[in-house]
Amino acid sequence: MTTPTLTPTIAAEAPTTTLVSSHFDALARALDHARRHADHLESWGRELANRLKAGRHLLVAGNGGSAAEAQHLTAELVGRYREDRAAYSAISLHAESSSVTAIGNDYGFDQVFARQVRAHARAGDIVLLLSTSGGSPNLLEAARAAEESGATSWALTGPGPNPLARLCDDAICLDGASPHVQECQLAAIHAVCEVFDACVGKEPQS
């Protein structure tokens, strides 16, 4: 018996190139908007350098992709960005997994960052909160805790105005859809690190 020859069915090719190009086009527009905050980001880098050189601390938090960007920043400061230099105090609150789960279990998820801010933040410290929506309840509570602690609160968010930007002492609101806001967050973080490193130089930490 002859086995019939089967002609493979070729699926219609998905327009992946168009999707990728569209993504990069939208990102380029978001980065163009982010460029408007260049002076503001430079001021953050200088202020952060001044505070950390004086022995203050940076506390950072975010949810999801913003958590990843927040932890990226703390790694650059505790480790290094480009050239070797002193290590500086920067803590990612969401990375404290035992604290996050204990606080979430005992006090609710809205308090997972706020309680850590109350524990660690002191006057002169900076609490940086990253959010694409600007409306995450746990970040809003963290901003309130920063105010109670006498720390300075900064927000790096998606389009404004939004509740987190209004609640913090200072804010940079990036325009674009959530994926592109997160990508611009990384660019903004690296820009701050460029300024930070230029300000601290290679001097040993006091």
Colleague: Just so I know, are the side chains of Ile189 and Leu130 near enough to count as touching, which here means a heavy-atom distance under 4.5 Å?
Modeller: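 Heavy-atom side-chain distance check passes, below 4.5 Å.
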Colleague: With a 4.0 Å cut-off on N to O distance, would you call Glu42 and Arg46 a salt bridge?
Modeller: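 Between Arg46 and Glu42 there is a salt bridge, with a charged N closer than 4.0 Å to a carboxylate O.
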Colleague: Would you indicate whether Glu47, at its atom CD, is surrounded by more than 12 heavy atoms from other residues, nucleotides or ligands within a distance under 6.0 Å?
Modeller: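 Count over threshold, so yes.
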Colleague: State, with a plain yes or no, whether a side-chain heavy atom of Leu164 is found less than 4.5 Å away from one of Cys168.
Modeller: yes
Colleague: Any Lys/Arg nitrogen of Glu141 or Arg115 sitting under 4.0 Å from an Asp/Glu carboxylate oxygen of the other?
Modeller: no
Colleague: Between Ser133 and Gly135, is there a donor-acceptor pair closer than 3.5 Å when you use the side chain of the first and the backbone of the second?
Modeller: yes
Colleague: Exactly one of Ile91, Val78, Ile126 should register a side chain to side chain contact (heavy atoms under 4.5 Å, CB included) with Leu58. Which one does?
Modeller: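 That would be Ile126.
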Colleague: Give the intermediate values and the outcome of side-chain contact (heavy atoms from CB on, under 4.5 Å) for residues Gln71 and His94.
Modeller: CA-CA 8 Å; Gln71 198 164 348; His94 55 274; 3.5 Å; yes
Colleague: Where do Glu76 and Phe196 land on the side-chain contact (heavy atoms from CB on, under 4.5 Å) test, with the steps shown first?
Modeller: CA-CA 10 Å; Glu76 304 283 27; Phe196 181 91; over 6 Å; no
Colleague: Search all heavy atoms of Arg85 against all heavy atoms of Gly201 and return the closest pair with its distance.
Modeller: CB-O, 3.7 Å
Colleague: Is Leu52 linked to Trp154 within one hydrophobic cluster, defined over Ile, Leu, Val, Met, Phe, Trp and Tyr using a side-chain heavy-atom separation of less than 4.5 Å?
Modeller: yes
Colleague: Side-chain contact test, heavy atoms from C-beta onward, threshold under 4.5 Å: evaluate it for Leu93 versus Val117 and give yes or no.
Modeller: yes
Colleague: Check whether more than 12 heavy atoms from other residues, nucleotides or ligands sit under 6.0 Å from atom CG of Asp106, and answer yes or no.
Modeller: yes
Colleague: If you look at every heavy atom in Leu156 and Gln185, which pair is closest and at what distance?
Modeller: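 Heavy atoms only, the tightest pair is O-NE2, 3.5 Å.
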Colleague: Inspect the surroundings of CZ in Arg35 and state if more than 12 heavy atoms from other residues, nucleotides or ligands are less than 6.0 Å away.
Modeller: no
Colleague: Identify whether the distance between the nearest side-chain nitrogen and carboxylate oxygen of Asp197 and Arg80 falls below 4.0 Å.
Modeller: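 Judged by the 4.0 Å cut-off on N to carboxylate O distance, Asp197 and Arg80 do not form a salt bridge.
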Colleague: Establish, from distance only, whether the side-chain atoms of Thr157 and Asn162 form a donor-acceptor pair under 3.5 Å.
Modeller: yes
Colleague: Can you tell if the side chain of His57 reaches within under 4.5 Å of the side chain of His120, non-hydrogen atoms only?
Modeller: no
Colleague: Once you measure the plane-to-plane angle for His23 and His180, does it fall in the parallel (<30°), tilted (30-60°) or perpendicular (>60°) bin?
Modeller: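 The rings of His23 and His180 sit tilted, inter-plane angle from 30° to 60°.
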Colleague: Please give me the minimum heavy-atom distance between Ser153 and Ala146, naming the atom from each residue.
Modeller: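 Shortest heavy-atom separation between Ser153 and Ala146 comes out as CB-CB, 4.1 Å.
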Colleague: Is there a side-chain contact (heavy atoms from CB on, under 4.5 Å) between Phe113 and Leu139 once you walk through the steps?
Modeller: CA-CA 7 Å; Phe113 301 138; Leu139 297 176; 3.6 Å; yes
Colleague: Could you tell me whether the side chain of Cys184 reaches within less than 4.5 Å of the side chain of Leu31, counting heavy atoms only?
Modeller: yes
Colleague: Leu48 vs Leu77, test: side-chain contact (heavy atoms from CB on, under 4.5 Å). Steps then yes/no.
Modeller: CA-CA 10 Å; Leu48 186 61; Leu77 296 175; 4.1 Å; yes
Colleague: At their closest point, which heavy atom of Cys173 faces which heavy atom of Gly158, and how far apart are they?
Modeller: CB-O, 3.4 Å
Colleague: Answer whether the closest heavy-atom distance between the side chains of Asp175 and Arg29 falls below 4.5 Å.
Modeller: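 SC-SC contact between Asp175 and Arg29 ruled out.
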Colleague: Indicate if Leu59 and Ile172 have the same hydrophobic cluster label, given that clusters are the connected sets of ILVMFWY residues with side-chain heavy-atom separations under 4.5 angstrom.
Modeller: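 Unlinked, Leu59 and Ile172 end up in two clusters.
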Colleague: Is there a side-chain contact between Asp170 and Trp44 in this structure, where contact means two heavy atoms from C-beta onward sitting under 4.5 Å apart?
Modeller: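 Yes; the side chains approach each other to less than 4.5 Å.
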Colleague: Determine whether the aromatic ring centres of residues His190 and Tyr81 are separated by less than 6.0 angstrom.
Modeller: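 Aromatic pair counts; centres sit under 6.0 Å.
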Colleague: In terms of side-chain geometry, is the basic nitrogen of Arg51 or Asp125 positioned less than 4.0 Å from the acidic oxygen of its partner?
Modeller: no
Colleague: For residues Ala143 and Leu167, report the shortest heavy-atom separation together with the two atoms involved.
Modeller: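 For Ala143 versus Leu167, the nearest heavy atoms are CB-CD2, 3.9 Å.
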Colleague: Quick one: closest heavy-atom pair of Cys199 and Ala49, and the distance?
Modeller: CB-CB, 3.6 Å
Colleague: Can you say whether the rings of His40 and His37 are parallel (under 30°), tilted (30 to 60°) or perpendicular (over 60°)?
Modeller: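 Tilted: the ring planes of His40 and His37 meet at 30° to 60°.
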